[in-house]
Amino acid sequence: MATAIQLTHHEVQGLCQNYLRDNYEPESIAAEKNFKLNVIRYKLNPISDSPSGFLGHHRFLVVDVHMEKNGRIEINKIRFFIKAAPAEIASRMEYIEEFGVFKKEIVVCRDVLPKLQDIFAGVAPKCYYADNNLLVFEDLQYRGYRMAAARDGLLDYKHLQCALKSLAAMHAASIVFELREKRTIVDIFPEAVIENAYPALPLPPEHVRYQNFANGVEVFLELIKQMPKYHSHMDVIQEQLYPKMSTIFKLAQTSKHFLNVFSHADLWANNIMFAYDKSNEIPIQCRFVDYQLARYAPPMLDVITILTIPTSREFRSKHLMDLLGDYYRYMGEFLLREQLLIEDFLSPKEFWQTFEEYRICGLIESCLFSHLTILPPSLTQSLTSSTDGFSDFFNRKRVDLCLAAFKSDQIYRERLSDMLEDVVDNYILNNANGMSQD
């Protein structure tokens, strides 16, 4: 097996036994007096023909198992999803270790999510192994889940509504868990919610997150220069864009004034997978993946992110308020299952107050995520397939690559223009009230 993904035969056997316990009736296995399970072979398969990502190797672990029950022999295939740190690529491992993403996700998947899913199930994939820079999950795709967005990263109302219900379940479970434990998640699992995406300012100029943020803002300024409507306003845009966007560092911290909950903090379309009804069109369940940026913050930070990154300005003008109401209603319903009233934890007044305060975060996150995630596949493939590509993108060539995409790719240009116009029109050029008017 590849050096980044090392599992012994005994460990693979244990994974399969735990998987069968979760996916078969326990009584049917217990009733079989002579039930035996043996791993015949296992192998790692790529997720696709394209490289699997910047911050980790993603693979399928496919296991052929020999099951003997009372003399009857069955040969079954079990598939897991594996996420491993790219230990053999020094530049990426240095970034990951300074960023702290893999260490955090191991703690989240091993310690936090099982506790929350014991309260309200159906938030994340089942994790079967979390240690040594390696995570092994049930394969959601194998169980019928799939991502819903095309390359433009957009989701429709039904998918967002479904995602908000799962998000409300996770946030409500955070509240219930803390009530039962009589301590906060920060006190119990501090490593799981360290703010690593936007650490508290001030940061040294060489800090990996400061550099990444500054490089992103440099890209945005260059893209805005390509928009004729802003040519006469570039002085004020250049003066105000960086400080306006840097407010995310303050707003991402645990609040001293509002309710805080365990939060995903990485809610773009590819981190949300959906299961569908028999028509294969209506989403009925969703799971969130990739918890490497988890934080402890007001729920609105997750909510406004999920309602902004995968939506357009036009969509939000029509549906944002209704979807916010859907989330608040869902959260109230989950808490009521535990005989709790949402008003005692998150009053309508506080909910809408946090909306006003955190609304800009959705746009900031949209720009910072999407200038990377919506890049044309030809560009990302050349980056991830090269040893130097990661360093080139994060440290040297980001402006050139994003400018090339903006000029040549219609999807990239339309989506980034939509986001940047919302920021500039409503938070820089419209400073009279300081609020976006989506």
Side-chain angles (χ1 to χ4, degrees), residues 1-16 18-19 39 42-48 50-63 78-115 124-141 189-197 199 207-209 212 262 264-266 270-271 273 287-295 372 380 383-391 393-395:
M1 303 181 80
T3 56
I5 303 174
Q6 295 180 342
L7 288 170
T8 67
H9 188 280
H10 178 74
E11 287 170 329
V12 174
Q13 178 101 4
L15 294 176
C16 293
N18 290 333
Y19 178 88
V39 170
Y42 56 96
K43 62 180 178 179
L44 292 169
N45 290 340
I47 299 296
S48 68
S50 301
S52 60
F54 286 114
L55 300 182
H57 288 311
H58 300 164
R59 299 288 186 271
F60 292 128
L61 173 63
V62 182
V63 187
I78 300 174
R79 197 170 81 174
F80 299 95
F81 179 87
I82 282 190
K83 185 175 183 179
E88 73 282 7
I89 304 177
S91 60
R92 297 190 200 182
M93 278 305 297
E94 182 180 355
Y95 180 84
I96 286 170
E97 288 173 357
E98 186 175 353
F99 198 173
V101 290
F102 228 96
K103 180 180 178 181
K104 172 188 277 190
E105 191 166 18
I106 286 172
V107 176
V108 169
C109 295
R110 183 187 64 210
D111 301 332
V112 181
L113 288 173
K115 301 289 187 184
K126 174 77 174 178
C127 182
Y128 289 99
Y129 184 95
D131 206 355
N132 302 319
N133 281 342
L134 181 66
L135 292 155
V136 181
F137 301 97
E138 66 174 322
D139 178 20
L140 290 177
Q141 184 179 336
F189 304 116
E191 290 184 334
V193 289
I194 293 171
E195 181 52 50
N196 56 342
H207 191 284
V208 63
R209 293 306 294 165
N212 192 48
F262 175 81
H264 184 282
D266 197 4
N270 282 19
N271 284 345
M273 297 188 71
R287 299 287 185 271
F288 303 123
V289 301
D290 285 355
Y291 287 81
Q292 55 199 14
L293 303 183
R295 62 167 60 105
L372 310 174
T380 58
L383 291 170
T384 55
S385 61
S386 165
T387 301
D388 296 328
F390 183 85
S391 297
F393 182 71
F394 278 90
N395 300 322

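Numbers here simply count residues along the sequence, with the first being 1. What you see is a predicted model, and the numbers here were worked out from it, not measured in a lab.
Arg295 places none of its side-chain heavy atoms less than 4.5 Å from the side chain of Leu293. Two residues are said to be in side-chain contact when any heavy atoms from C-beta on lie closer than 4.5 Å; Tyr129 and Leu15 meet this criterion. Between Lys126 and Tyr19 there is no side-chain heavy-atom pair separated by less than 4.5 Å. In this structure, Phe102 and Leu135 have side chains that are in contact, with non-hydrogen atoms separated by less than 4.5 Å.
With sequence neighbours excluded, the residues that form a ring pair (Phe, Tyr, Trp, His ring centres under 6.0 Å) with Tyr128 are Phe80. Scanning for ring pair (Phe, Tyr, Trp, His ring centres under 6.0 Å) contacts around Tyr291 gives His264, with sequence neighbours left out. Applying the side-chain hydrogen bond (donor to acceptor under 3.5 Å, both in side chains) test to Arg110 and every residue at least two apart in sequence or in another chain returns nothing. Checked against ring pair (Phe, Tyr, Trp, His ring centres under 6.0 Å), Phe189 has no partners two or more places apart in sequence or in another chain. Residues meeting the side-chain hydrogen bond (donor to acceptor under 3.5 Å, both in side chains) test with Gln13, sequence neighbours left out: none. Every residue was checked against the salt bridge (Lys or Arg N to Asp or Glu O under 4.0 Å) condition with Glu11, not counting sequence neighbours, and none meets it.
The shortest non-hydrogen separation linking Glu138 to Phe81 is O-CB, 4.1 Å. Counting all heavy atoms, side chain and backbone alike, Ala192 lies closest to Val108 at O-CG2, 3.6 Å.
Taken to the nearest 0.5 Å, the CG atom of Leu61 stands 10.5 Å off from the CZ atom of Arg79. If you take CD on Glu105 and CG on Asn133, they are separated by 11.0 Å, rounding to the nearest 0.5 Å. Atom CG of Asp111 and atom CD1 of Ile106 lie 10.5 Å apart (nearest 0.5 Å). Between Asn196 atom CG and Lys104 atom NZ the span is 3.5 Å, to the nearest 0.5 Å. The structure places CG of Asp290 at 9.0 Å from SG of Cys109, a figure rounded to the nearest 0.5 Å. For the atom pair CZ (Phe137) and CD1 (Ile82), the distance works out to 10.5 Å, reported to the nearest 0.5 Å.
Between the Gln292 side chain and the Ala294 main chain, no donor and acceptor come within less than 3.5 Å of each other. Although no hydrogens or angles enter the test, the distance criterion places a donor-acceptor pair under 3.5 Å between the side chain of Asn271 and the main chain of Asp266.
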